[in-house]
Amino acid sequence: MAKYSIAWMPGDGIGNDVMGAARLVLDAMGLDAEYPHCDIGWEFWCNEGNALPDRTIKALRGTTCGLFGAITSKPQDEAKEELIPELKGTGLVYFSPIVKLRQLFNLHTNIRPCKSYPGNPLNYRGNQITNPGGGEVMIDQVVFRENTEGSYGGVEFHPLPEGVYTALCANPKMKPWKDKGLENVALSTRIVSKQGCTSICRQAFEFAKQTGRKRVTLVEKPNVLRETGGLMTRCFRELAKSYPDIWADEANIDAICMWMFKNPQDYSVLVAENMFGDIISDLCAGLVGGLGFAPSGNMGDKYAVFEPTHGSAPKYAGQFKVNPIAMLLTAKMMLEWLKETDKATRLEAAVARVIKEGKVRTYDMGGKASTMDVAKEVVRYAS
Ligand code: IPM
Ligand code: MN
């Protein structure tokens, strides 16, 4: 029996392409693992009415962790259109299987590192004033995103149930919506807990402490989202007291999008609730070459699912032309979590070397190499 059982979830779109690259590298590095295939993604929604079939949930429970490629998510109306005729009009509701996985397995912490690897032609170069030489700006950021709460909790209504509507209307601030009429109002909630806020902030501080990072920035908007943002800010401030050597600073989500664009090298660890973490992690990815370079790990207490931050890019599916680097760095995060430290270090060093040498590049980096060409080049240095 293999040492690890890694749930293999290519998903759809380019998920299969990048997972192929990951597998080539993991096999070449001699990871002692088996990879049970698990069905997940758009085709299962269309054919079965469930993008995350029960058999997958069951299979995952028997694995060490999961590796995930990419998945297409579409808004409700479009999703219903694509169901097979037998399932149309049966009241099925589409949900994002990755969001569901995070919740089902309590994968409360999403870690998203973004690093500018030297030699990446897509690295952020700043502007003429802050960066007169136009050279690469060295960026090394890690986003800690709360992964199960906030506006991803799935508590949403349209139309509002009578009871919810009546309860809300007891608040005078509801007047404008009351005037618009029950049937014209939709509601999505942002619910956070003290436990959730404390846990994500603590992990961000602990990570900073363990890796010698000097700054942890909370990304929120407590001046408007007074209750949820306020709770998060209080938890952050309380924890900060236990880390006197770390600069704990706070920024509003809008302001930090501007500041990070101006001075990205100044930021190190960023911590945020679910939606703001989602937003800021795409910005971080953009600064280091785009989503082709952004890995992530959904971590629970005993289980984790690793996935690149990028989506499924359906138009490129099966062409093996997309950049597998985000996926390979995701595999590196998985190796770290498995405590295969040596393999993780070797894999990251190999990726860094391939980027620096610049001989084998996918189209986004200005090259002509395929997904698998990049994987093979990484294998040359990693094994
Ligand atoms: C991500 C993605 C997902 C999210 C989508 C696909 C539901 O954007 O992992 O960042 O919003 O969390
Ligand atoms: Mn996202």
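We count ligands from 1, going down the list as the structure has it; atoms in each ligand are counted the same way.
Close contacts between ligand 1 and Arg145 involve ligand atoms 1 (C), 4 (C), 9 (O), 10 (O), 11 (O), 12 (O) [criterion: under 4.0 Å to a heavy atom]. Counting atoms of ligand 1 from 1 in the listed order, those under 4.0 Å from a heavy atom of Val99 are 7 (C). Listed by atom number, the atoms of ligand 1 under 4.0 Å from Arg102 heavy atoms are 1 (C), 4 (C), 9 (O), 12 (O). Under a 4.0 Å criterion applied to the non-hydrogen atoms of Ser96, ligand 1 contributes the atoms 7 (C).
Scanning all protein heavy atoms for the shortest distance to atom 11 (O) of ligand 1 gives Tyr152 OH, 2.7 Å. Atom 1 (C) of ligand 1 has as its closest protein heavy atom Arg112 NH2, 3.3 Å. The nearest protein atom to atom 2 (C) of ligand 1, hydrogens excluded, is given as Asp278 OD1, 4.1 Å; this is a heavy-atom distance.
Counting only N and O atoms by type, the side chains of Thr109 and Asn147 include no donor and acceptor under 3.5 Å apart. Between the side chains of Thr345 and Asp342, not a single donor N or O lies within less than 3.5 Å of an accepting N or O. Under 3.5 Å, the side chains of Glu357 and Tyr381 contain a donor-acceptor pair of N or O atoms. Asp278 and Tyr152 form a side-chain donor-acceptor contact under 3.5 Å, judged by distance and modelled atom types alone. No hydrogens or angles considered: a donor-acceptor pair under 3.5 Å links the side chains of Ser312 and Thr72.
Side-chain contact between Tyr117 and Glu136 is absent, with no heavy-atom pair separated by less than 4.5 Å.
Both tests do not hold together for Arg145 against Phe276: distance to the six-membered ring centre under 6.0 Å, angle to the ring axis within 45°.
With a 4.0 Å heavy-atom cut-off, ligand 1 is reached by no atom of Lys100. Here Asp282 has no heavy atoms under 4.0 Å from ligand 1, in either its backbone or its side chain. At a heavy-atom cutoff of 4.0 Å, ligand 1 is contacted by no atom of Met275, backbone or side chain.
Within Asp278, OD1 is the N, O or S atom that lies nearest to the Mn ion (ligand 2).
When ring centroids are compared, Phe207 and Phe144 come within the 6.0 Å threshold.
Within the 4.0 angstrom cut-off, atom 4 (C) of ligand 1 has one or more protein heavy-atom neighbours.
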